[in-house]
Amino acid sequence: SKRLEEAKWRSMTLHAFILVAEAIAMNCSLLIVASISKWTNMSTLVDNIDGFDSTWKCLVLGHNIGSHVIPDKCNLVLFRKTHWAEIIDISAPIVNRYNCDRHMLMLDDVKIDFNHFNVQAFVNYSLKHRLDVASPIVHDASWNWMRNCSTPFKYVEIYATLFTRRAWKFFQELVRLVPGVGWGHDMCLARRFRSGIDCGQSIHHMGHRSLVPSRKQAKREKIKIGRECPEISDNTTS
């Protein structure tokens with residue numbers, strides 16, 4: 001059946017990329033781009049990736065685009081008909097094989113001007129302030145506190161977000177419990193981890209909103225995450 005063929009294709013894809021990731025050195029930094037689609041501005045995406053030097057490993061997640069447009073330094077994982085959080089959940093075995101100490105999750109609809117965003121300075125800021133979840137300022141973000149540092153901070157919206165290993169492990173558990181569109185994970189993270197914004201770094205949110213096909217679905221997921229968040233074992237963050 002078509003469904004069986006799709007499942008078989010997914011299994012083969014996971015196996016192939018696990019083999020690739022097994023050969024990658026431990027104790028690394030991993031840039032994860034999610035999730036590319038027909039709405040993604042690929043030229044901007046490639047420019048974003050090129051701004052990260054060779055010390056960063058790169059994994060691009062998507063659902064319907066050819067590998068020929070992805071920079072050679074990146075591995076590509078495609079899963080058809082997946083939402084943003086779903087593809088992060090499905091690809092968890094691949095991400096875990098990199099065994100990296102820090103993960104930067106970058107959405108496909110952000111634009112980085114590297115005159116205003118220094119990767120190493122951003123990492124250093126997160127280390128200095130012992131942040132488990134960190135973000136630059138994000139112009140055109142949904143909330144005021146993400147757009148400037150003059151508004152009281154509530155939580156880090158996920159646009160180009162740096163995670164420690166323990167915060168990423170917790171985030172993976174969140175998307176395992178509630179995959180789908182991906183609303184509400186950021187609020188839960190703020191309840192469990194030290195989070196903050198580096199006011200000296202900034203990026204832009206272009207906002208094609210392709211990954212929110214149903215606001216009702218997104219709101220249901222957000223409510224479910226609110227229930228699940230306090231119940232996740234502390235062992236997840238060890």
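Throughout, numbering of the chain's residues begins at 1 and tracks the sequence. Every heavy atom of this structure was used, including side-chain atoms; hydrogens, water molecules and symmetry mates were not.
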Partners meeting side chain to side chain contact (heavy atoms under 4.5 Å, CB included) with [X] (sequence neighbours left out):
X: Arg102; answer: Ser29, Trp56, Val123, Leu127, Leu162
X: Leu30; answer: Ile32, Lys57, Leu59, Val95, Tyr98, Cys100, His103
X: Met42; answer: Thr40, Leu45, Ile65, Val69, Ile70
X: Ser135; answer: Val138, Met146, Val156

Side chain to side chain donor-acceptor pair (under 3.5 Å) involving [X] - partner list, sequence neighbours excluded:
X: Asp53; result: Thr55
X: Ser54; result: none
X: Asp50; result: none
X: Asn124; result: Gln120

Please tell me whether Leu31 and Val46 are part of a single hydrophobic cluster in this structure, the criterion being side-chain heavy atoms less than 4.5 Å apart.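 No, no single cluster joins them.
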
Test salt bridge (charged side-chain N to carboxylate O under 4.0 Å, His left out) applied to Arg194 - qualifying residues, sequence neighbours left out: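 Testing Arg194 for salt bridge (charged side-chain N to carboxylate O under 4.0 Å, His left out), a comparison that skips the adjacent residues, returns none.
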
How far apart are the closest heavy atoms of Val119 and Gly51, and which atoms are they?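 Smallest interatomic distance, heavy atoms only, reads CG2-O, 3.9 Å.
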
Note, Ser195 side chain near Phe153 side chain (heavy atom, < 4.5 Å):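 Result yes, sub-4.5 Å side-chain heavy-atom pair found.
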
Between [X] (side chain only) and [Y] (backbone N and O only), is there a donor and an acceptor less than 3.5 Å apart?
X: Glu157; Y: Ala141; answer: no
X: Trp145; Y: Tyr155; answer: yes
X: Asn96; Y: Ala92; answer: yes

Just wondering, are more than 12 heavy atoms of other shown residues or ligands nearer than 6.0 Å to NZ in Lys73?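 Yes, NZ of Lys73 has more than 12 neighbouring heavy atoms, counting only those of other groups under 6.0 Å.
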
Got a sec, which pairs hit disulfide bond (SG atoms under 2.5 Å apart) with one end in residues 101-138, sequence neighbours left out?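 Every candidate disulfide bond (SG atoms under 2.5 Å apart) pair involving residues 101-138 fails, so no pair, neighbours aside, qualifies.
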
Does Arg165 pair with Asp101 as a salt bridge, N-O distance under 4.0 Å?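 A salt bridge is present here (some side-chain N lies under 4.0 Å from a carboxylate O).
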
Just to verify, what does His129 make a ring pair (Phe, Tyr, Trp, His ring centres under 6.0 Å) with, not counting sequence neighbours?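 For His129 the ring pair (Phe, Tyr, Trp, His ring centres under 6.0 Å) partners, ignoring immediate neighbours, are Tyr125.
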
Matching residue for Val110 among Thr44, Ile203, Asp140 - test: side chain to side chain contact (heavy atoms under 4.5 Å, CB included):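 Filter result, single survivor: Ile203.
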
Filter on salt bridge (charged side-chain N to carboxylate O under 4.0 Å, His left out), then keep only pairs touching residues 113-133, sequence neighbours left out; what's left?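 Counting only pairs at least two positions apart or across chains, the salt bridge (charged side-chain N to carboxylate O under 4.0 Å, His left out) contacts touching residues 113-133 are Asp132-Arg166.
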
Just say parallel, tilted or perpendicular for the rings of Trp168 and Phe163, cut-offs at 30° and 60°.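 Aromatic pair Trp168/Phe163 classed perpendicular.
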
Describe, in one word, how the ring planes of Phe117 and Phe52 are oriented to each other, choosing from parallel (under 30°), tilted (30 to 60°) and perpendicular (over 60°).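 Tilted: the ring planes of Phe117 and Phe52 meet at 30° to 60°.
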
